[in-house]
Amino acid sequence: MIVDQRVGLRTIAYEVRGIILLMATWDIVVVILYQVFHQEWMEQPSLPVSLIGSALALFMGFRNNSAYNRWWEARTLWGAITNNCRSFGRQAGTLLGDRHDLMYAIAAYPHALRMALGKDDASADIARLLPPHMLEAIARYRNKPNAILYQIGLGVAAEVAKKNIDGAVHGQIDRILSDIANAQGGLERIRNTPLPIQFSVLPRVLVNIFCIVLPLSMVQTLEWITPLGSSLVGCLFLVLDKSAKDLQEPFAGMPHGLPMATMARGIEIDVIQPTGDETRPALSAVNGIER
């Protein structure tokens, strides 16, 4: 996730530079053909293009809102996981009586989750934090984060039976694990349900077509400065399209995605520090980008 606005502007400019140069080249070709070679067929009325541009702007705005809502929901669910992991770590150390193995297990959970959602290889972090018997137990499971929650649940149940802990306390702890599982399910839903093709592919096609016909409607009025006006308007639509494309995939591991590694390390530190053990340092932004 980009946390430095200056880096964000440079990143967006770098990512759309190719298509903008191509669009500017087409604008120059249109101007030369019209002004020098007098290709009258290139003179098109501006009203249809204006109407198309207005409709496309509304469509792009709706698509961007949908993409941002998808990104923000993923961030909200990660926030719920952060809070519940901290709560479970506190209760494992207090209500269950210093069950440090369970605290380490819940610290390993967000690393397993980020590996399941994205493309990061967090196996080293999982092996470093998860107790050996749990690491062996989850090896055969397809869904490693859910398997960790199951192993933690078994550990809680065993501790409750061993120490004859009140059932209400057990229920309270189990609700925290259920809330974590519910948040994980929401994140998996976002990962497994891409935006419909009408919102993911069609806008790019329409924007490209619009940028092709745009200088044809401007050349009669703007003449030699058509590349400037057409490129500015086209750049706006291209940036809108690129922004939505980046936001609709919050787990892609790109600069615009969620900083899952940073959040997982933060949870790990918050949960492990009460045990008195040494923790890894928090991850800092590199070149204005958190991973």
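Since we're looking at a predicted model, the values are computed, not measured.
- Side-chain contact between Asn143 and Glu188 is present, with at least one heavy-atom pair separated by less than 4.5 Å.
- The NZ atom of Lys245 sits 10.5 Å away from the NE2 atom of His256 when rounded to the nearest 0.5 Å.
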side-chain contact (heavy atoms from CB on, under 4.5 Å) between Glu223 and Val219, intermediate numbers included: CA-CA 5 Å; Glu223 297 181 347; Val219 68; 6.0 Å; no
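- Linking ILVMFWY residues whenever their side-chain heavy atoms come closer than 4.5 Å, directly or via other members, places Ile20 and Met218 in the same cluster.
- Crowding of Lys144 atom NZ: a count of heavy atoms from other residues, nucleotides or ligands under 6.0 Å exceeding 12.
- For the pair Met263 and Pro110, the minimum side-chain heavy-atom distance is 4.5 Å or more.
- Here the CE-CZ distance, from Met103 to Arg86, works out to 13.5 Å after rounding to the nearest 0.5 Å.
- A salt bridge links Glu159 with Arg99: the distance from a Lys NZ or Arg NE/NH1/NH2 to an Asp or Glu carboxylate oxygen falls below 4.0 Å.
- Taking the side chain as every heavy atom from C-beta outward, Asn64 and Leu247 never approach each other to under 4.5 Å.
- Around atom CH2 of Trp72, no more than 12 heavy atoms belonging to other residues, nucleotides or ligands sit under 6.0 Å away.
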Just distance, no hydrogens or angles: give the donor-acceptor pairs under 3.5 Å from side chains in residues 228-239, sequence neighbours left out.
unit_1 : atom_1 : unit_2 : atom_2 : d
Ser230 : OG     : Asp27  : OD1    : 3.2
Ser230 : OG     : Asp27  : OD2    : 3.2
Ser231 : OG     : Asp27  : OD2    : 3.1
Ser231 : OG     : Pro227 : O      : 2.6

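- Between Lys242 and Asp246, at least one side-chain nitrogen of the basic residue sits less than 4.0 Å from a carboxylate oxygen of the acidic one, meeting the salt-bridge criterion.
- The closest side-chain donor-acceptor pair between Tyr109 and Gln184 falls under 3.5 angstrom.
- A 6.0 Å sphere centred on CZ of Phe62 holds no more than 12 heavy atoms belonging to other residues, nucleotides or ligands.
- Ion pair Asp121/Arg114 not flagged as a salt bridge, since none of the NZ, NE, NH1 or NH2 atoms sits closer than 4.0 Å to an Asp/Glu carboxylate oxygen.
- For the pair Arg265 and Glu290, the salt-bridge criterion is not met [side-chain N within less than 4.0 Å of a carboxylate O].
- Taking CG of Leu129 as the start and NE2 of His111 as the end, the distance is 5.5 Å to the nearest 0.5 Å.
- The CG atom of Leu113 sits 11.5 Å away from atom CG of Asp120, with the distance rounded to the nearest 0.5 Å.
- By the 4.5 Å heavy-atom criterion applied to side chains, Thr275 and Ile272 are counted as neighbours.
- Taking hydrophobic clusters as Ile, Leu, Val, Met, Phe, Trp and Tyr residues chained together by side-chain heavy-atom distances below 4.5 Å, Val29 does not share a cluster with Ile209.
- Here the straight-line distance linking atom CD of Glu73 with atom CH2 of Trp78 works out to 15.0 Å at 0.5 Å rounding.
- By the neighbour-count criterion of 12 heavy atoms within 6.0 Å, atom CZ of Phe59 is densely surrounded, having more than that number from other residues, nucleotides or ligands.
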Would Thr226 and Val30 count as a side-chain contact (heavy atoms from CB on, under 4.5 Å) if you check the C-alpha gap in whole Å, the side-chain angles of each, and the deciding distance to 0.1 Å? CA-CA 9 Å; Thr226 296; Val30 170; 5.6 Å; no
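- Within the 4.5 Å cutoff, no side-chain heavy atoms of Ile52 are placed close to those of Leu206.
- Note that the CD atom of Gln91 and the CG atom of Leu95 stand 5.0 Å from one another [nearest 0.5 Å].
- Note on Leu240 and Leu58: separate hydrophobic clusters, where clusters join Ile, Leu, Val, Met, Phe, Trp and Tyr whose side-chain heavy atoms are under 4.5 Å apart, directly or indirectly.
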